[in-house]
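A quick write-up on the structure given underneath.
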Amino acid sequence: MSSSAPKSEEELLGRCAEIAGMELSQLARGLNVTVPANLRQHKGWVGQLLERALGASAGSLSEPDFQLIGVELKTLPLNRHGQPRESTYVCTVPLRAVGERWEDSWVRNKLSRVLWLPVESEPDIPLGRRRVGQAILWSPDEEQARILHRDWEELMEMISLGKIEKITAKQGVYLQIRPKAADSHVHTHAIGDTGEQVLTNPRGFYLRTRLTAEILNSAHRQTAKTRG
DNA sequence: AGCTGATCATAT
DNA sequence: ATATGATCAGCT
C-alpha cells in the first residue's frame, strides 16, 4: 500500500492487483483516512482514496493522474450486475475555444490512456464494505476513437458557432456535455451567437455508460479468452 | 428505471 | 473562477 508514483504501467497494474478485492474500509485504514457515512457530501471520496492508494500525483492540477507514465485514473461505479451506474466525467469544456483541433484536445489526451478501476457502488452496500474490482488499462480502439472524435467535432462546432445554449446531454454517442459547477448560478464566459461574449453555466465532457460498459465487456472477454 | 440537469467537496 | 474528484435527484 505504498503511495509513491508508479514508474511503469506494469508497476501500476501490480499495485492494482494487490488492492483488487479489498474493501474501501481496508484501504482507508491503511491510509489513515476516515470513511464517511455516505457519499452525499463526499462525492469524490472514492476517487481520491484510490488516487492515494495507487500513488497518483497530480492532485487538482490539469495533469494526468500518473504524470510519469501518462495514465489517467478513473473509478467506475458498478451496480449489482457489474454494470456502470454513472457516466464518467472527463474534463471541462473549453467554451471560448475556436479552431481547437481534436489532436490537441483535452478529451483526446485524457482518454488516450486510462486506468479504469471498478468499484462496487450499489447504494445498499455500506460505503466501507464496497470492494475494489479488477483494473483495466485501456486505450480507445479505432472505432471508439472515431466515434469520440465525431462527437467532439459536433459539440465543439456548436460551441464555436455560439450555440452552447442549444447543446443538450442527449447529443453524442459516447461523449456528452452536461453542467459542471457548484450549482446552476455559477457563470463563465462563452461565445454568443453573434460572436460576442456571453455568460453561461460551466460545462463538462462526460462519457456515457454505453462506452464504459463496452470497455468492461471487452476486458471480460479478454480475460475469458486468456483463461480458456 | 434510466437519463439529464443540478449539485457537493476541495485545491489553486 | 477553474480545475480536480464525482454522485444526486427530479423528470420523462
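Each chain gets a letter, A, B and so on, in the order the sequences are listed, and its residues count up from 1. What you see is a predicted model, and the numbers here were worked out from it, not measured in a lab.
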Candidates [options] - which lies nearest the side chain of [X]:
X        : options             : answer
A/Lys110 : C/dA1, C/dG5, C/dT7 : C/dG5
A/Lys43  : C/dT4, C/dC8, B/dG5 : C/dC8
A/Ala181 : C/dT7, B/dT7, C/dA3 : B/dT7
A/Thr75  : C/dG5, C/dA6, C/dT4 : C/dA6

For the pair made of [atom1] in [X] and [atom2] in [N], what is the distance, rounded to whole Å?
X        : N     : atom1 : atom2 : answer
A/Leu49  : C/dA6 : CG    : P     : 11 Å
A/Arg85  : C/dA9 : CZ    : P     : 12 Å
A/Asn38  : C/dA6 : CG    : C1'   : 14 Å
A/Asp183 : B/dA9 : CG    : C1'   : 13 Å
A/Arg52  : B/dA9 : CZ    : P     : 19 Å
A/Arg203 : C/dA3 : CZ    : P     : 14 Å

Item to check | Neighbour count >12 (heavy atoms, 6.0 Å) for atom CD, A/Glu9 | outcome: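 Yes.
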Next on the checklist: Can a side-chain donor-acceptor contact be found between A/Glu165 and A/Thr200 if the only test is distance below 3.5 angstrom?
Outcome noted: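 A/Glu165 and A/Thr200 do have a side-chain donor-acceptor pair below 3.5 Å.
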Under 4.0 Å between a side-chain N or O of [X] and OP1 or OP2 of [N]?
X        : N     : answer
A/Arg208 : B/dT4 : yes
A/Lys180 : B/dG5 : no
A/Thr188 : C/dT2 : yes
A/Gln48  : C/dT4 : no
A/Gln41  : B/dC8 : no
A/Thr92  : C/dT4 : yes

Checklist entry - A/Gln176 or A/Ser184: which one's nearest nucleotide on DNA chain B is closer to the 5' end? => result A/Gln176
Next on the checklist: Assuming nearest nucleotide by heavy-atom distance, tell me which of A/Asn201 and A/Lys170 is located more 5' along DNA chain B.
Outcome noted: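 Final value for this comparison: A/Lys170.
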Checklist entry - Are A/Leu73 and A/Leu27 connected in a single hydrophobic cluster, I mean Ile/Leu/Val/Met/Phe/Trp/Tyr linked by side-chain heavy atoms less than 4.5 Å apart? => result yes
Checklist entry - Which is it for A/Trp116 and A/Leu216 under the side-chain contact (heavy atoms from CB on, under 4.5 Å) test, yes or no, and what are the steps along the way? => result CA-CA 9 Å; A/Trp116 296 101; A/Leu216 285 171; over 6 Å; no
Next on the checklist: Applying side-chain contact (heavy atoms from CB on, under 4.5 Å) to A/Glu153 and A/His149, what does each step give before you reach the verdict?
Outcome noted: CA-CA 6 Å; A/Glu153 293 287 357; A/His149 184 176; 2.8 Å; yes
Checklist entry - More 5' along DNA chain C: A/Gly47 or A/Arg40, using each one's nearest nucleotide? => result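 The residue closer to the strand's 5' end, by nearest nucleotide, is A/Gly47.
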Item to check | Nearest-nucleotide 5' precedence on DNA chain C, A/Arg178 against A/Cys91 | outcome: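 Its nearest nucleotide being more 5', the pick is A/Cys91.
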Item to check | Heavy-atom pair of closest approach, residues A/Arg131 and A/Glu23 | outcome: CG-CG, 3.8 Å
Next on the checklist: So A/Gln83, base contact, sugar-phosphate only, or nothing? Heavy-atom distance under 4.0 Å.
Outcome noted: nothing
Next on the checklist: For a quick check, tell me whether the side chain of A/Tyr206 and the base of C/dA6 share a donor-acceptor pair closer than 3.5 Å.
Outcome noted: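 Side chain to base: pair present.
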